[in-house]
Amino acid sequence: NSIIGDHYRWPHTIPYVLEDSLEMNAKGVILNAFERYRLKTCIDFKPWSGEANYISVFKGSGCWSSVGNIHAGKQELSIGTNCDRIATVQHEFLHALGFWHEQSRADRDDYVTIVWERILADREHNFNIYNDSVSDSLNVPYDYNSVMHYSKTAFQNGTESTIITRISDFEDVIGQRMDFSDYDLLKLNQLYNCTSSLSFMDSCDFELENICGMIQSSRDTADWQRVSQVLGGPENDHSNMGQCKDSGFFMHFNTSTGNEGAKAVLESRVLYPKRGFQCLEFYLYNSGSGNDQLNIYTREYTAGHQDGVLTLQREIKEIPTGSWQLYYVTFKVTEKFRVVFEGLGGPDASSGGLSIDDINLSETRCPHHVWHIQNFTQLLGGQNINVYSPPFYSPEGYAFQISMYIEALTNVGIYFHLISGANDDQLQWPCPWRQATMTLLDQNPDIRQRMSNQRSITTDPTMTNDNGSYFWDRPSKVGVVASFPNGTQYSRGRGYGTSVFITHKRLKSREFIKGDDLYVLLTVEDISHLNSTAAVPDPVPTSTVQNACSEVECQNGGICTVQDGRPECKCPAGEDWWYMGKRCETRGSTRDTIVIAVSSTVTVFAVMLIITLVSVYCTRRRYRKKASANAAAMNLENQHAF
Amino acid sequence: APEKFVKDIDGGLDQDIFDINEDLGLDLFEGDIRLEAHGR
């Protein structure tokens, strides 16, 4: 449901500024939202460096945006208090990219009924329909699942729904704020003529016989087989879980043949990296022995290495048997490469082997940890229950734990707790500016079609409890004593999160629970570098850059950058105005230029006219003199002639 | 028994964009659009 007019479009890479006014958590969430655009669309974002138009994301009152590129130079988009949810940011940026709300489409009355008497007084105008002279639904069907759709309770004056979907199954679907829907992406990619995305590389569920162009290696003793079930397990693949007849394939390496040292190698097609870092995700099922092993390599085709350079990225051993397990492997590859899966049969007897399915590869950051909850459905059994994750460590060594608070009927909450850990004596307390991102994984086989539910919180070291103690101080100081299942005692800090992470209904939708397994992906990253000046969200690379610019004060919103080691001011400019000068101290505009041009033309014209007049006058005077001289000469001659 | 040794950033409310803006007294176009001359 897009705004009509090419002039409302942005370039594929949108310049932005994260203003200092933004909350720290909001800054991190906005950068995470950009990663979702980079994975699923061809829209990218870059720090503003003087382009005519850019989006200034600031902490205004509420969450709002303009629709489309309005060529204002600095186009504001507000992410205020409580707007720091990733889907809210995606929603507001979709407005900026040129999209209206879904239920304002010209054809909406075919799909929803507006209950006008239940709408807040004077808010009825928020439910207007706009005909196709103003907005274009791009030939895409009405989308109840759009991240741009109002919820059923929008602008309600009581407790009754203001929007009733004509297909009742969608009543609790509208208003989702998890991620882009498939149709959201279809429209956006169509509007911006997207042919590829920045960070997606490959997704394979082995449903097609060509197995995504993967190849069997000849340097092994066995092949991986494309099968739909294995006697010793699994009974079905991970993609469809046996739901669909005559489909549901995966790759299997049979280790029950008993040949010790049996090896089967499967290589991906050649892949071409752009960003230099990758995340491999796949599901693995072990029905062989506990010693069967899977090694992950990359084969990088660097100069002078015809066959590529094989690098062992991860050895996966002691693979749990009897269920599909989710694995992540991080790469840092810069040249074209293949991913290599090497299955190794262990020495012990096996009645099955190794199986892999639902591979996804993207140039994104892998989650730091995975909380795998098995037999999840029984936890939804109808009573309030708290579930705690195992302990994890952040990259710098902060120990933490996640708790999930499952209410009997309505919502599921999720909270981040710092806990006592082995490194506490070496760490900084209160814990400063760590952003914890908790993602409930939608286990769709294709990473591009997932609508994972994500929330982030950030540890503000200045935050205090009611008793004045620091919220993020050492858990052994401000926490409570708790015990792990094995009886070991530890201190658990207060939880920080939300009691309304997801509703039961949404949790049971899509593929959040699959094979009775649920996954929460966890990342805890240091975002203290975002505490710097507005326009530079990435850490400043070297101190010289900082020194060079720190002595320079660019005026009128200019940004200091370093060119060839010298600080330079990038001056802001709009459609018909700009700043110039060493420090952007001088303002220029097309109007001034026109005035100058016209006045100089007039001046030149006047000067030319004067010169012309003077030269005509002189010429005429000279000829007059000459003429009179000639006449005199003639007289004289005549006098003598006769 | 589920302990509530937690701090809820949403205060237990699942507020959508429009609820947040309404509570702030913003009467933006369709709840969260700052309208330019779009012909709407």
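Residue numbers begin at 1 in each chain, while the letters A, B, ... track the order of the sequences. No hydrogens, no waters, no symmetry mates; every other heavy atom, side chains included, goes into these values.
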**Q** I'd like to check the ring pair (Phe, Tyr, Trp, His ring centres under 6.0 Å) partners of A/F58; sequence neighbours left out, ordered by chain and number.
**A** A/W64

**Q** With a 4.0 Å cut-off, would you call B/D16 and A/K152 a salt bridge?
**A** no

**Q** May I ask you to name which of B/I17, B/I20, B/L24 has the most heavy-atom pairs under 4.5 Å with chain A?
**A** B/I17

**Q** Side chain, backbone, both or neither: which part of A/E92 has an atom under 4.5 Å from a heavy atom of chain B?
**A** side chain

**Q** Taking the basic N atoms (NZ, or NE/NH1/NH2) and the acidic carboxylate oxygens, is any pair closer than 4.0 Å for A/E102 and A/R108?
**A** no

**Q** A/S420: what forms a side-chain hydrogen bond (donor to acceptor under 3.5 Å, both in side chains) with it, not counting sequence neighbours?
**A** none

**Q** With a 4.5 angstrom heavy-atom cut-off, could you sort out which part of B/D14 is near chain A: side chain, backbone, both or neither?
**A** both

**Q** Chain A heavy atoms under 4.5 Å from B/D23: which part of the residue, side chain, backbone, both or neither?
**A** neither

**Q** Identify which one of A/F99, A/Y8, A/W100 satisfies the side-chain contact (heavy atoms from CB on, under 4.5 Å) criterion when paired with A/V67.
**A** A/W100

**Q** Which atoms of B/I9 are under 4.5 Å from chain A, going by heavy atoms: the side chain, the backbone, both sets, or neither?
**A** both

**Q** Between chain B and each of A/R123, A/H95, A/H125, count heavy-atom pairs under 4.5 Å; write down the option with the most.
**A** A/R123

**Q** Report which part of A/F416 has an atom under 4.5 Å of a heavy atom belonging to chain B: side chain, backbone, both, or neither.
**A** neither

**Q** Please tell me whether A/Y415 and B/F5 form a close aromatic pair, meaning their ring centres lie under 6.0 Å apart.
**A** no

